[in-house]
Amino acid sequence: MKSAFSTPSNRILGFILALTILVFIQTVSFDFAGFDDMLLITRNPTAQGLSLQNITAAFTTYDPELYVPITLLSYQVEHSIAGLSPWIYHLTNLVIHLLCTVLVFIVFRKLARFCVSKNDAYYVAGFVALMFALHPLNVQTVAWAAARKDSLSTLFALLSIALFLQYKESNHKKLWYWSIGFFALGLAAKVSIVLLPFILLLASKMHLEKSDRRSLVPFIPYFALSGIFGLIALGGKQQQLSTLTLTDTILLGAKSTYFYVQNLFTPGHLALFYHHTGEITLLKPTFYFPMIIILLMIILAAVSYKRQRHITFGILFFFLLLLPTFFNFWKNGFIDIASDRYAYLALSGLTFSIGIILIPHLKYRRTAGVILGVVLAGSSFIQTRIWSDGETLLRATLRNYPDSTHALMNLGVTMHEKGNSESALALYDQAIALDPNLAPAYLNKARVVAKTGDIKEAIILTKKSISVISSDRITTPDELQAFFFLGVMYEQVGELEKAFLAFSDATAYAPESSVAFFNLGVMFQKYSHPKEARDAFNKAYALEPKGLENRYRLAAVEAELGNLPFAILHLEYILKKDPHYEQAAKHLKALRSSR
């Protein structure tokens, strides 16, 4: 009877998987890191429990800017099993990463067999899988619970590619159907794999196939799905699209791409945030040098197409998976040029080309593979430890990037939540010293000061926060909080006229925000101005018709004004969408009994 490790394929893959488990098993004991963990999991009602209401919400909402229903569904299942215990979310991420590693090996072994011998193909695939499984750049995707959308979409993308390649070899239509299905699931996990159809076209070219109209027919469903999910994704990216120009996006894209290429070979100074500050112009070396490198890579891909298609495939694989991430540069007032998880699968294209070139000429490939595996495992083990909790992660980021205002502010929030107000204020002051126009830093500082009882100083800081908000772009939800906080502060000291003005100013700054009109309506309702409250709630309703809380408030003021049919209509709608909305049910019963 043959051993499970009797073939080169199983020995190589077994070695990689064993090292991967040794490196990442520590994450099962980690806490949530915060940031997107709060947005997607710990403070997201849609992710908490497997119910018809939550499933429906997952498929009909953004997160708030990404359409990720399958990812949210995975969180719902985990919450149903273990609530908000972090271990299950981290364990799932590890399992997904191991499955992705196996599929990377399978896919790139198939692709390598078009270029090198069968034996060499094992080692090429092993090299690609080893780099994928253990490169420090990929630590973030495994160790961060909120990065599930990246690993899950990658899992389905790899399944789609593997089944498509098998379909090309066997011509079994069922494999093609399954490949299309997994691609749809991948898009629903995260739309970043939207350009996968082009990768499948390139994979067909690896077969040296001739192109004609009939050969393109199998790709039509893939492109159709990409078009549908691409349009859905654009609905959540309006602010990003309206903030940066096309030139800005191209230059930042070059800088971002160069960042990943550089860190493929020298993965040092990895962090949670990589901010760009200053002017975006081709005249600066931080932009023109990356542009030169990218152009050289494109030229290499073009000249290699006829005789060395594997090089062309690898480079284009890298670019095609990275390109959709260029819509993510602008985030809540900051410009992030990169995020480690965006290169999760993309870098495999480059490592594939490198492996095809080097492996056939490498004599001591097993020894080299073991050494590389141990070095990568050691580096990734250390990198993984910084993800144990939010504070550790932020302090590690500041060690590498002490001028990161985003990290300083987030660490300030963490210190404030832990009751260490002095440290929080010092961190906010550091951030303000680095960027005097950093509106959220003034607001965060005002919140700490307000808790000490110095409302006057809190008002001054909040007004400063509002004064430095940029007027040449859409106001962010975080920036809007300054207006609301200012209104609350004025309300606390009894200056109601100024309080109302602050809430009203929020609607002027952000006329597209339903939240701004909703909060203004709440103020009017609170101080017995039902007509003004109705006007505000109606505007919020026009901007966000599905908002149940706004509907409930609108029903209340309609009832107060004597418009019972309209009030009943709104309450019936609420209960149709959420039968467990107890307040709406009680209110509806009372209104019906009074008629």
Side-chain angles (χ1 to χ4, degrees), residues 104-118 120-125 127-129 131-132 157-158 160-169 179 183 192-220 222-223 226 250 253-254 256-258 260-262 264-265 289-326 343 345-362:
V104 164
F105 182 84
I106 292 169
V107 166
F108 285 96
R109 183 183 63 188
K110 285 179 177 293
L111 292 169
R113 288 178 66 178
F114 303 138
C115 317
V116 296
S117 69
K118 183 179 179 180
D120 286 346
Y122 288 133
Y123 289 98
V124 169
F127 172 66
V128 178
M131 292 289 282
F132 173 84
L158 287 166
S160 183
I161 297 170
L163 289 165
F164 178 81
L165 293 174
Q166 194 64 31
Y167 157 70
K168 297 298 288 185
E169 291 177 7
S179 174
F183 179 49
S192 56
I193 60 168
V194 68
L195 299 180
L196 185 71
F198 291 102
I199 291 173
L200 298 180
L201 273 171
L202 289 169
S204 292
K205 291 293 183 183
M206 294 281 283
H207 280 272
L208 302 178
E209 289 183 351
K210 293 181 180 179
S211 295
D212 56 40
R213 289 183 179 180
R214 288 186 63 187
S215 68
L216 296 176
V217 170
F219 299 97
I220 293 174
Y222 296 95
F223 281 104
S226 289
I250 292 170
S256 174
T257 304
Y258 177 70
Y260 296 120
V261 174
Q262 183 183 34
L264 172 64
F265 299 100
F289 183 71
M291 284 294 290
I292 292 170
I293 299 299
I294 304 312
L295 286 172
L296 289 174
M297 291 177 68
I298 292 171
I299 292 168
L300 177 60
V303 299
S304 302
Y305 180 73
K306 284 191 176 180
R307 294 188 177 181
Q308 294 180 306
R309 292 189 180 185
H310 55 276
I311 295 176
T312 305
F313 176 85
I315 293 172
L316 292 182
F317 184 98
F318 169 66
F319 280 125
L320 287 168
L321 286 178
L322 212 54
L323 192 59
T325 69
F326 295 172
L345 181 59
L347 286 177
S348 295
L350 297 184
T351 55
F352 173 69
S353 294
I354 294 167
I356 289 288
I357 294 169
L358 295 180
I359 297 296
H361 307 290
L362 194 62

To the nearest 0.5 angstrom, please state how far the [atom1] atom of [X] sits from the [atom2] atom of [Y].
X    : Y    : atom1 : atom2 : value
M131 : I354 : CE    : CD1   : 6.5 Å
T257 : I293 : OG1   : CD1   : 11.5 Å
T351 : F127 : OG1   : CZ    : 6.0 Å
K168 : K110 : NZ    : NZ    : 13.5 Å
F352 : L111 : CZ    : CG    : 5.0 Å
I356 : D120 : CD1   : CG    : 8.5 Å

Taking side-chain contact (heavy atoms from CB on, under 4.5 Å) as the test, write out the residues that go with A125, two or more places apart.
->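 A125: side-chain contact (heavy atoms from CB on, under 4.5 Å) contacts with F105, R109.
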Can you name the side-chain contact (heavy atoms from CB on, under 4.5 Å) partners of P218, sequence neighbours left out?
->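 If we apply the side-chain contact (heavy atoms from CB on, under 4.5 Å) test to P218, skipping adjacent residues, the hits are Y167, W176.
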Test item: S226 side-chain N/O and V194 main-chain N/O as donor-acceptor pair under 3.5 Å |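 Present.
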Residues which pass side-chain hydrogen bond (donor to acceptor under 3.5 Å, both in side chains) with S160, listed by chain and number, not counting sequence neighbours =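 S160 satisfies side-chain hydrogen bond (donor to acceptor under 3.5 Å, both in side chains) with S179 only.
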Between F223 and F183, is the gap from one ring center to the other below 6.0 Å?
->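 So the answer is no for these two rings.
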Does the side chain of V124 reach to within under 4.5 Å of the side chain of F108, using non-hydrogen atoms?
->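 V124 does not reach F108 side chain to side chain.
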Min side-chain heavy-atom separation L345-L158 under 4.5 Å |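 Side-chain contact under 4.5 Å: yes.
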Measure across P360 and G355 and return the closest heavy-atom pair with its distance rounded to 0.1 Å.
->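 In this case the closest contact between P360 and G355 is CD-O, 3.8 Å.
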Work out which heavy atom in A129 is nearest to a heavy atom in V104; give both atom names and the distance.
->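 That closest heavy-atom pairing would be CA-CG1, 3.9 Å.
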Under the ring-ring contact (aromatic ring centres under 6.0 Å, His included) test, which residues partner F132, sequence neighbours left out?
->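 Per chain and number, F132 pairs via ring-ring contact (aromatic ring centres under 6.0 Å, His included) with H97, Y344.
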Tell me, please, which residues at least two apart from Y260 pass ring-ring contact (aromatic ring centres under 6.0 Å, His included).
->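 Not a single residue meets the ring-ring contact (aromatic ring centres under 6.0 Å, His included) criterion with Y260.
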For V261 and M297, what are the C-alpha separation, side-chain angles and deciding distance, and is it a side chain to side chain contact (heavy atoms under 4.5 Å, CB included)?
-> CA-CA 11 Å; V261 174; M297 291 177 68; 4.1 Å; yes
Residues 310-324, side-chain donor-acceptor partners within the protein, below 3.5 Å, at least two apart:
unit_1, atom_1, unit_2, atom_2, d
T312, OG1, A301, O, 2.7
T312, OG1, Y305, N, 3.2

